[in-house]
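Below: the structure, in structure tokens.
Numbered from 1 within each chain, the chains take letters A, B, ... in sequence-line order.
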Amino acid sequence: MINITFPDGAVRQYEQGVSALDIAKSISEGLARKVLAAKVNGQVIDATRPITGDATLQLLTWSDTDGKATMWHSSAHLMAEALEALYPGVKFGIGPAIENGFYYDIDLDGRQISDEDLRKLEVKMAELAKQNEVYTRREVSKADAEKYFTEKNDPYKLELIRDLQDGSITFYSQGGFTDLCRGPHIPHTGFIKAVRLLNIAGAYWRGNEKNKMLTRIYGITFPSQKELDEYLTLIEEAKKRDHRKLGKELELFAFSEKVGLGLPLWLPKGAMLRERLQAFLQKAQIESGYLPVVTPHIGSKSLYVTSGHYEKYGKDSFQPIRTPEEGEEFMLKPMNCPHHCEIYKTSPKSYKDLPVRFAEFGTVYRYEQHGELHGLTRVRGFTQDDAHLFCRPDQVKEEFCKVIDLVLYVFNSLSFTDFTAQISLRDKEDRSKYIGSDENWNLAEQAIIESAAEKGLRTVVEYGEAAFYGPKLDFMVKDALGRKWQLGTIQVDYNLPERFELEYIGADNKPHRPVMIHRAPFGSLERFIAVLIEHCAGKFPLWLTPTQVKILPISDKFLPYTEKVAELLKNAEIRAEIDDRNEKIGKKIREAELAKIPYMLVVGEKEAADGKVAVRRQAKGDLGTMDISEFIKVVQDEVINRKPFE
RNA sequence: GCUGUUGUAGCUCAGGGGUAGAGCACUUCCUUGGUAAGGAAGAGGUCGUGAGUUCAAUUCUCAUCAACAGCUCCA
């Protein structure tokens, strides 16, 4: 007999070799019908695998992340089985579960697959699922594994097997389909009640762009049709928040082929919103001891040769432009830091002067790959809320912590709570991608890890994500469709001070090298605003929103009073517009609601007579009538406190 | 950059070898209406661009540009 410990601490005895599924059955049949996999001693395994010794056990169902992942992984196998049935000879790459569903990379040997084919595949998958095919695990020798896939003529699986150790190779089969797989899997295909194949895309084999591009099919499955329908509704809702759609609808920004790809045009409403954000940060920065500087949009090529950026990113920059007479080369500036280094050098610095903090809303230009351009989140011309802090080595941590505080202040002011702080360190394997001494890298990495811990940030560590000159702390957020973006960033840099030979005179009257910290709380205004739009679904907080108040006269008889109200609001620095169209009040309200205007003021005979306004709040409805001065106070209070929309 | 899909009016989209349609928006007129669409009339498009096939191309073919999804990249 063996002792099984449950999550609640209860211990029960079972015969050796019992499976998680058996245990579930011993508790209740209903539970057994829901068990997808099991976590035994912290490791997720098939619910049907025998447990050979004392163990802790957690039964995994659809409500567990690992349970979902197991079902989606099994769904990938089910899709593969269906693919093999419909497209004999198809070759398989990898087919993992992902955050929302699964995919399988396949090679169709030049055959193409369309959206209609996906519908047929779904039907086939549903048909196979209904047969309750059992997933069976089998350990195989490396030789047997190679023999199987050689006969099957699947070069991708053979390549995967080549990298595996003999003795650790397992196959999983269900129905007529067998795959190289570590598992685990759900007991049988019958758990899969609803299937949706979402889209087709290309993906390089093993993520290397030198390899062949395979066809990737994304899909998702659920234990009931109802849950699938709910998921699809959720996706539709998310699409409505897309900043590209809302940016157009709310007239914030636009693109023009004629202007150029990835070069956003800020329309009046968007430009004003952007300036308010900029002013908000500028104020906070000046209070925190930053010194505003301004530098030109171009810089001599030699500036970037010195910084090392030309060598590293020259090909990803707009190519140098030449002066007509002398042929001197200039680049559109891809970053502000080299300029700021030169500003540092304009006067000798004492250790007493440090830290020096130069801040600039600097517009930079980078040649981003065509296929990467994406709304405002990935563009070729954008404005960084950049600053460079030059400090003594002993000040690095304190400065770093202060920057974290500033970033958190900005995020809190906009109710951004759902972010992760990503600590980006060097690639453990390949150090050749980085410049600078090991000693400095270690110092910098340590400073970041300690600061993040001290500030209690929810962090993830990513190796290989550091910049070539130093480690970073990036604030990552997700957009409406679940794509991850980097917003704020803080980076420690020992390299540029070296390359630009920056110095300060220490207490010992000798020259020393300052340390540089690059930082941008927004990251770029473009990307930040994109994420902000999706975050609030276009309903900006009152202090940011383009039009705060729309005044809606019942009929044009009340226009004079309407104008008087508008004048009073304007004097109170409230952004108000009048809807003076010859339309019924219902229509004016409807359109103001759809335009997400926070406050609507309905004015007619009663209001004009009493000197009042009838206040309506977007999505909330009628708030009743108020004195104009009272309404102004409401608005001003909401603005000063930077309240979120709702 | 790579793979796939798409490109028709300002916006959202239908259509299809015989040179175009809807709704919203826009203009004019009627209506002066109290909390999510009042009525009527009108104007608006070289069907992304270039070539080819055809008596005839917006429709078919090829190229090209752009957008979208994903991959790769991201100072």
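- Side-chain contact between A/Phe255 and A/Arg244 is absent, with no heavy-atom pair separated by less than 4.5 Å.
- Among the protein residues, A/Asn199 comes within range of the sugar-phosphate backbone only, with heavy atoms under 4.0 Å from sugar or phosphate atoms but none that close to a base.
- For a distance-only test at 3.5 Å, the side chain of A/Arg244 fails to qualify as a donor-acceptor partner of the base of B/rC68.
- Residue whose closest nucleotide on RNA chain B sits further toward the 5' end, between A/Tyr365 and A/Arg380: A/Arg380.
- For B/rG1, the base has no donor-acceptor partner in the side chain of A/Glu368 [N/O atoms by modelled type, under 3.5 angstrom].
- Nearest-nucleotide positions on RNA chain B for A/Met335 and A/His370 put A/His370 closer to the 5' end.
- Donor-acceptor pairing under 3.5 Å, judged by distance alone, is present between the side chain of A/Tyr204 and the base of B/rG1.
- Counted by atom type alone, A/Tyr469 and A/Gln491 present one or more donor-acceptor pairs between their side chains at under 3.5 Å.
- Side chain A/Arg483 to base B/rA69: no donor-acceptor pair is found below 3.5 Å.
- In this structure, the CD1 atom of A/Ile585 is 12 Å from the P atom of B/rG33, given to the nearest Å.
- As a whole-Å value, the separation of A/Asp105 CG from B/rG4 C1' is 14 Å.
- Scanning atom types as modelled, no donor and acceptor separated by under 3.5 angstrom connect the side chain of A/Arg366 and the base of B/rC73.
- The phosphate of B/rU12 (OP1 or OP2) has a side-chain N or O of A/Lys248 nearer than 4.0 angstrom.
- Ion pairing between A/Asp474 and A/Lys472 holds under the 4.0 Å rule for side-chain N and carboxylate O.
- A heavy atom lying under 4.0 Å from RNA chain B marks the following residues of residues 251-261 of chain A, by number: A/Glu257, A/Leu261.
- The pair A/Glu159-A/Arg206 meets the salt-bridge criterion, with a side-chain N (NZ, NE, NH1 or NH2) lying under 4.0 Å from an Asp/Glu carboxylate O.
- Counting non-hydrogen atoms of other residues, nucleotides and ligands closer than 6.0 Å to CD of A/Glu311 gives a total of 12 or fewer.
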According to the Watson-Crick and G-U wobble definition with distances under 3.5 Å, which dot-bracket string, read 5' to 3', encodes RNA chain B, using [ ] for crossing pairs and | for pairs with another strand? (((((((..((((....[..)))).(((((.......))))).....(((((..]....))))))))))))....
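- Whole-Å rounding puts the A/Trp485 CH2 to B/rC73 C1' distance at 12 Å.
- Taking A/Ala69 as the reference, A/Ala97 meet the side-chain contact (heavy atoms from CB on, under 4.5 Å) condition, with sequence neighbours excluded.
- Here the C1' atom of nucleotide B/rA75 and the CZ atom of A/Phe382 are 9 Å apart, to the nearest Å.
- Using modelled atom types, one finds no donor on one side chain facing an acceptor on the other under 3.5 Å when comparing A/Tyr104 with A/Arg216.
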